[in-house]
Amino acid sequence: MATQAHPYHMVDPSPWPLTGAIAALMITSGTAIWFHFHSTLLMTLGMVLLILTVYQWWRDVIREATFQGLHTPPVQKGLRYGMILFIASEVLFFLGFFWAFYHSSLAPTPELGGFWPPAGITPLDPFEVPLLNTTVLLASGVTVTWAHHSIIEGQRKQAIQALTLTVLLGAYFTLLQAMEYCEAPFTIADGVYGATFFVATGFHGLHVLIGSTFLVVCHLRQVQSHFTSAHHFGFEAAAWYWHFVDVVWLLLYISIYWWGS
């Protein structure tokens, strides 16, 4: 930074956007091949390439932010705007699923029997596993907020404890959702109800896994004392994302599990 006359970060050439794009193509193509030809080779190779890409890209960004001092206040401001726009795009992504659900449920067509849930569908009890999952995810929102305040106040051990709890709660949520899917009395092939249920809740589950990965990385960084009270946007971005996941789940629970049943 001492050799340039501006506070911005001119990113060095990196292979990771290219390898990430190739991995995404391999995963999507491999998933289609898995569905039609029952071969998981291409999908597995894509996942391996994606994991290697994410690991090395994250490593580079952490090095730039923590050790090279390249994330100056103007750079952090840009990162904040970028994260806000990313979350806004995610809001619109889930809006499409809610639109599909309410379009089908508010005015059921004659093909659905004129009522909701459609004939032959036994919905899940919203006051059993779904309610427990809601409690777990809300509790994880509390613990991630605890971690945030601990980092701001310089309480390193408390932040580590809070992040550990948050990651464990996220893993517990994923386990409960997997059990729920295994025991569900309907499948994604059971008409519009099964499709909207599994696509909406499944993509939310994917976001929980992504958010949990963010928080695991933040936990490892906190253990290595990367965050300070004034410089911890990496954690803030993960916390924003986690709170977004919480809000989406509340809307899913109210709409699909409770009202939709």
Side-chain angles (χ1 to χ4, degrees), residues 1-34 40-94 144 147-148 151 159 163 166-167 170 203 205-245:
M1 296 300 296
T3 61
Q4 61 187 40
H6 59 79
Y8 301 102
H9 178 200
M10 300 293 103
V11 182
D12 293 329
S14 171
W16 312 133
L18 177 60
T19 58
I22 293 172
L25 177 62
M26 291 172 66
I27 290 171
T28 50
S29 303
T31 303
I33 291 172
W34 174 39
T40 60
L41 178 61
L42 186 61
M43 183 181 67
T44 303
L45 290 175
M47 286 299 300
V48 171
L49 180 58
L50 180 66
I51 291 170
L52 291 173
T53 298
V54 168
Y55 171 78
Q56 293 171 104
W57 202 344
W58 230 319
R59 176 204 63 189
D60 290 352
V61 173
I62 291 170
R63 182 188 296 129
E64 293 163 356
T66 309
F67 304 112
Q68 296 179 338
L70 296 175
H71 286 191
T72 60
V75 173
Q76 289 185 55
K77 185 178 181 180
L79 291 172
R80 291 175 192 278
Y81 284 140
M83 193 65 193
I84 290 169
L85 289 173
F86 171 65
I87 291 176
S89 74
E90 293 283 86
V91 169
L92 297 177
F93 177 75
F94 277 99
V144 81
H148 192 187
I151 291 173
L163 277 169
T166 307
V167 171
F203 269 111
L206 175 63
H207 283 69
V208 171
L209 288 173
I210 294 170
S212 298
T213 305
F214 288 170
L215 291 170
V216 167
V217 172
C218 288
H219 181 277
L220 295 174
R221 294 188 66 190
Q222 178 64 15
V223 168
Q224 297 178 30
S225 302
H226 285 187
F227 298 131
T228 67
S229 58
H231 193 96
H232 56 268
F233 177 70
F235 172 80
E236 279 189 345
W240 291 356
Y241 189 84
W242 197 253
H243 288 309
F244 160 75
V245 168

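Below, all heavy atoms of this structure are taken into account, side chains as well, without hydrogens, waters or symmetry copies.
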Undergrad: With sequence neighbours left out, write down each residue that passes side chain to side chain contact (heavy atoms under 4.5 Å, CB included) with I62, or none if nothing qualifies.
TA: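 Residues passing side chain to side chain contact (heavy atoms under 4.5 Å, CB included) with I62: W58, T66, V217, R221, H226.
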Undergrad: Once the angle between the rings of Y241 and F244 is folded into 0 to 90°, is it parallel (under 30°), tilted (30 to 60°) or perpendicular (over 60°)?
TA: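 Correct class here is tilted.
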Undergrad: Kindly compute the distance separating CH2 (W34) from OG (S29), expressed to the nearest 0.5 Å.
TA: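 Rounded to the nearest 0.5 Å, the CH2-OG separation comes out at 15.0 Å.
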Undergrad: State the OG1-CG distance between T40 and L45, to the nearest 0.5 angstrom.
TA: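 Output value for this atom pair is 9.0 Å.
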Undergrad: Heavy atoms only: give me the nearest H71-A65 pair and the separation to one decimal.
TA: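 Shortest heavy-atom contact: ND1-CB, 3.2 Å.
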Undergrad: Atom CE of residue position M47 - does it have more than 12 heavy atoms of other residues, nucleotides or ligands inside 6.0 Å?
TA: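 Atom CE in M47 is not crowded, with 12 or fewer foreign heavy atoms closer than 6.0 Å.
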Undergrad: If you take all heavy atoms of I151 and T228, which pair is closest and at what distance?
TA: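 Between these two residues, the closest heavy atoms are CG2-O, 3.8 Å.
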Undergrad: Would you name the heavy atoms of G30 and L42 that are closest together and state the gap between them?
TA: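 Closest pair (atom of G30, atom of L42, distance): N-CD2, 3.8 Å.
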Undergrad: Kindly indicate, with the supporting measurements, whether the criterion side chain to side chain contact (heavy atoms under 4.5 Å, CB included) is fulfilled by F214 and W242.
TA: CA-CA 9 Å; F214 288 170; W242 197 253; over 6 Å; no
Undergrad: Listed by chain and number, what are the side chain to side chain contact (heavy atoms under 4.5 Å, CB included) partners of I22, not counting sequence neighbours?
TA: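 Scan of I22 (side chain to side chain contact (heavy atoms under 4.5 Å, CB included), adjacent residues dropped) gives L18, M26, L49.
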Undergrad: Hey, what do you get for CG (L215) to CD1 (I210), rounding to the nearest 0.5 Å?
TA: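 If I round to the nearest 0.5 Å, the distance is 12.0 Å.
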Undergrad: If you look at every heavy atom in R80 and F233, which pair is closest and at what distance?
TA: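 Here R80 and F233 meet closest at CG-CE1, 3.4 Å.
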Undergrad: Side-chain contact, heavy-atom cut-off 4.5 Å: V75 with T72?
TA: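 A side-chain contact exists here, since the closest heavy-atom pair is under 4.5 Å.
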Undergrad: With a 4.5 Å cut-off on side-chain heavy atoms, are L79 and M83 touching?
TA: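 In short, these two side chains do not touch, never coming nearer than 4.5 Å.
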Undergrad: Under the side chain to side chain contact (heavy atoms under 4.5 Å, CB included) rule, what do H207 and E90 come out as? Steps first, then yes or no, please.
TA: CA-CA 10 Å; H207 283 69; E90 293 283 86; 2.3 Å; yes
Undergrad: Please find the pair of heavy atoms, one from L163 and one from Q222, that lie closest to each other, and give the distance.
TA: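 That would be CD1-CB, 4.1 Å.
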Undergrad: Is the count of non-hydrogen atoms from other residues, nucleotides or ligands lying under 6.0 Å from Y55 atom OH greater than 12?
TA: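 Check fails, neighbour count at 12 or below.
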Undergrad: Indicate yes or no for a side-chain donor-acceptor contact from H148 to the backbone of V144 under 3.5 Å, with no hydrogens or angles considered.
TA: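 Flag not set: sc H148 to bb V144 has no pair under 3.5 Å.
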Undergrad: With a 3.5 Å cut-off and no angle check, do the side chains of Q76 and H231 form a donor-acceptor pair?
TA: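 There is such a pair between these side chains.
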Undergrad: What pairs with R59 under side chain to side chain contact (heavy atoms under 4.5 Å, CB included), at least two apart in sequence or on another chain?
TA: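 Only W16, Q56, R63 meet the side chain to side chain contact (heavy atoms under 4.5 Å, CB included) criterion with R59.
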Undergrad: Heavy atoms only: give me the nearest F235-A147 pair and the separation to one decimal.
TA: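 Distance-wise, the nearest heavy atoms are CZ-CB, 3.8 Å.
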